[in-house]
There are 2 protein chains.
Amino acid sequence: MSEPASHELSGPISDPVSLAEHPEIVMIELLFYAYRDFVSDPDAVLATFDFGRAHHRVVHFVSRHPGMPVADLLDILKITKQSLGRVLKQLIDTGYIEQVPGPVDRRQRLLYPTAKGRALSLRLTEPQARRVQAAFAGLSAEERRGAEHFLRMMIDAEERDKVTKLIGR
Amino acid sequence: MSEPASHELSGPISDPVSLAEHPEIVMIELLFYAYRDFVSDPDAVLATFDFGRAHHRVVHFVSRHPGMPVADLLDILKITKQSLGRVLKQLIDTGYIEQVPGPVDRRQRLLYPTAKGRALSLRLTEPQARRVQAAFAGLSAEERRGAEHFLRMMIDAEERDKVTKLIGR
DNA sequence: AAATTTACGTCAGCCATATTGACATATTTC
DNA sequence: GAAATATGTCAATATGGCTGACGTAAATTT
């Protein structure tokens with residue numbers, strides 16, 4: 001009667017989830033840590049302006065794809081129009097983004113950066129580009145291809161072609 | 001006098017920020033898209049329980065490092081103790097995490113998963129591990145090394161050693 | 001030409017996750 | 001004994017998501 005009941009109400013477990021069971025955890029965690037620091041770069045800059053990460057994404061993708069309709073932006077960000085709404089309005093009100101009625105389909109509001117918006121986008125890209133450059137510095141051509149290919153394959157299969165077109169290669 | 005004034009109040013800009021200027025944008029955007037879809041996997045599972053991404057991170061890292069003090073977890077997540085507070089409390093109240101007073105330093109509350117917590121962690125790891133495995137499938141050994149090394153180098157320089165120890169390689 | 005669908009915006013309320021600042025408690029260290 | 005440390009908690013606030021409902025203009029279908 002001194003045996004601990006097997007149906008005991010829980011209790012702490014000491015053996016860690018190990019890489020032996022799931023070697024993929026290395027990449028899972030590296031991706032977490034890398035992204036954590038990767039997005040921290042622009043945050044410092046954004047604090048200066050009164051913007052957050054959401055503004056960053058909008059300014060970035062609009063600057064990369066000037067004249068894109070709202071729907072396309074939503075599809076990239078995978079958020080709702082209501083979520084985009086507030087952020088976009090702020091960017092328009094403060095003169096970073098402009099809307100132009102679609103010349104062919106006049107229901108559309110095509111999004112363009114202003115000079116100010118493009119400049120902000122580039123300023124936010126700068127530290128991230130430096131980080132990427134530094135990360136690539138020690139890699140062979142094949143290793144670089146590996147890094148790029150890995151990230152591509154981490155994207156949902158149905159999204160890959162779209163992303164390739166968006167990025168432009 | 002028909003020249004447009006150079007001091008015009010803004011106006012839409014049509015030429016996109018191009019890869020020619022900043023080739024690093026390829027990796028910047030791939031990282032965004034990859035992470036976007038990478039984190040979407042566990043979200044479906046988490047919705048079943050009443051948890052969010054914050055709970056995922058806590059359960060994951062505690063399961064990976066059973067007995068870790070709160071401070072270490074905060075340092076991994078780079079959030080404040082107040083932010084961690086609610087999420088951790090919920091996980092403790094619902095029996096996924098347990099706290100044990102530090103045997104050597106009794107101020108510490110060492111965090112352990114319960115069986116339930118460990119199981120949840122593994123369940124959330126599963127789809128991400130599958131995604132990583134699929135992404136690695138087509139890569140050569142050198143390309144894989146490249147992907148891993150790239151992510152490592154994307155981490156803040158001062159954090160890299162710490163992360164290496166945490167991951168265990 | 002009328003009906004329907006589409007693209008977008010907006011209002012309202014809600015939730016999750018993060019923040020800062022202040023203060024409390026127990027414990028360890030100097 | 002004083003100071004520093006590890007942690008928790010209360011309170012207020014910001015950000016960025018969400019759903020649902022409704023409105024409008026323009027395109028498309030019938």
Side-chain angles (χ1 to χ4, degrees), chain A residues 32 35-36 39-40 42-62 67-94 97-112, chain B residues 32 35-36 39-40 42-62 67-94 97-112:
Chain A
F32 166 79
Y35 197 80
R36 179 196 68 180
V39 296
S40 79
D43 282 359
V45 181
L46 288 160
T48 311
F49 301 74
D50 243 22
F51 294 149
R53 291 179 191 175
H55 302 86
H56 179 192
R57 291 177 195 137
V58 172
V59 169
H60 175 90
F61 285 109
V62 170
M68 86 190 316
V70 171
D72 287 14
L73 183 54
L74 292 177
D75 188 55
I76 287 177
L77 302 178
K78 302 291 182 203
I79 60 174
T80 61
K81 61 177 175 175
Q82 294 91 330
S83 298
L84 177 62
R86 263 165 313 148
V87 170
L88 186 55
K89 192 177 191 311
Q90 288 175 311
L91 288 168
I92 290 166
D93 290 348
T94 50
I97 302 282
E98 275 190 28
Q99 285 177 320
V100 175
V104 48
D105 183 339
R106 282 157 48 209
R107 291 171 304 179
Q108 294 180 329
R109 314 267 180 111
L110 305 186
L111 303 173
Y112 288 89
Chain B
F32 166 79
Y35 198 80
R36 179 195 68 181
V39 296
S40 79
D43 282 358
V45 181
L46 288 160
T48 310
F49 302 71
D50 242 22
F51 294 149
R53 291 179 191 175
H55 302 86
H56 178 193
R57 290 175 198 141
V58 172
V59 169
H60 175 90
F61 285 110
V62 170
M68 87 190 316
V70 171
D72 287 14
L73 183 54
L74 292 176
D75 188 53
I76 287 175
L77 302 178
K78 303 290 182 204
I79 59 174
T80 61
K81 59 177 176 176
Q82 294 91 329
S83 298
L84 177 62
R86 259 163 317 142
V87 169
L88 187 54
K89 192 175 191 312
Q90 289 175 310
L91 287 168
I92 290 167
D93 290 349
T94 50
I97 301 281
E98 275 190 27
Q99 285 177 321
V100 176
V104 47
D105 184 338
R106 283 157 47 210
R107 290 171 304 181
Q108 293 181 331
R109 312 266 181 113
L110 305 186
L111 302 173
Y112 289 89

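Residue numbers begin at 1 in each chain, while the letters A, B, ... track the order of the sequences.
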In sequence, state the C-alpha distance, the side-chain angles, and the governing distance for A/Leu77 and B/Phe32, and then conclude on side-chain contact (heavy atoms from CB on, under 4.5 Å).
CA-CA 9 Å; A/Leu77 302 178; B/Phe32 166 79; 4.1 Å; yes

Which residue in the set A/Ile97, A/Leu111, A/Val62 passes side chain to side chain contact (heavy atoms under 4.5 Å, CB included) when paired with A/Leu91?
A/Ile97

Using side-chain heavy atoms (C-beta onward) and a distance below 4.5 Å, is B/Lys78 in contact with B/Asp75?
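Yes, close enough: below the 4.5 Å cut-off.
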
Using a heavy-atom distance cut-off of less than 4.0 Å, which residues of [range] contact DNA chain D?
range	value
residues 49-56 of chain B	none
residues 97-105 of chain A	A/Val104, A/Asp105
residues 84-93 of chain B	none

Find the distance [X]:[atom1] to [N]:[atom2] and express it as a whole number of Å.
X	N	atom1	atom2	value
B/Leu77	C/dA18	CG	P	8 Å
B/Leu73	D/dA6	CG	P	15 Å
B/Leu46	C/dC15	CG	P	18 Å
A/Lys78	D/dG16	NZ	C1'	18 Å
A/Leu74	C/dC8	CG	C1'	9 Å
A/Asp72	C/dT6	CG	P	16 Å
B/Asp75	D/dT5	CG	P	15 Å

Is any side-chain N or O of A/Arg107 under 3.5 Å from a base N or O of C/dT6, one able to act as donor and the other as acceptor?
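For A/Arg107, whose side chain was compared with the base of C/dT6, there is a donor-acceptor pair (under 3.5 Å).
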
What are the two closest heavy atoms between [X] and [Y], and how far apart are they?
X	Y	result
A/Ala54	A/Val87	CB-CG2, 3.7 Å
B/His55	B/Gly52	ND1-N, 2.9 Å
B/Pro103	B/Leu110	CD-CD1, 3.7 Å

Just N and O in the side chain of [X]: are any of them under 4.0 Å from OP1 or OP2 of [N]?
X	N	result
B/Arg109	C/dT27	no
A/Thr80	D/dC18	yes
A/Arg57	D/dT15	no
A/Ser83	D/dC18	yes

A/Lys89 atom NZ, over 12 foreign heavy atoms within 6.0 Å:
no

Hey, is CG on B/Asp93 packed in by over 12 heavy atoms from elsewhere, all under 6.0 Å?
yes

Determine the interplanar angle of the B/Phe51 and B/Phe49 rings, folded into 0 to 90°, and report it as parallel if under 30°, tilted if 30 to 60°, perpendicular if over 60°.
parallel

The side chain of B/Ile79 is closest to which nucleotide in this list: D/dT7, C/dT19, C/dG9?
C/dT19

Pairwise 5' ranking along DNA chain D for B/Pro69 and B/Gln82, keeping only the more 5' one:
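Nearer the 5' end of the strand: B/Pro69.
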
Stepwise side-chain contact (heavy atoms from CB on, under 4.5 Å) check, A/Lys81 with A/Val70:
CA-CA 8 Å; A/Lys81 61 177 175 175; A/Val70 171; 5.5 Å; no

Residues B/His56, B/Val39; criterion side-chain contact (heavy atoms from CB on, under 4.5 Å); working and verdict:
CA-CA 10 Å; B/His56 178 193; B/Val39 296; over 6 Å; no

So, does A/Arg36 use its side chain to make a donor-acceptor pair with the main chain of B/Ile76 at under 3.5 Å?
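Judged by distance alone, yes, a pair lies under 3.5 Å.
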
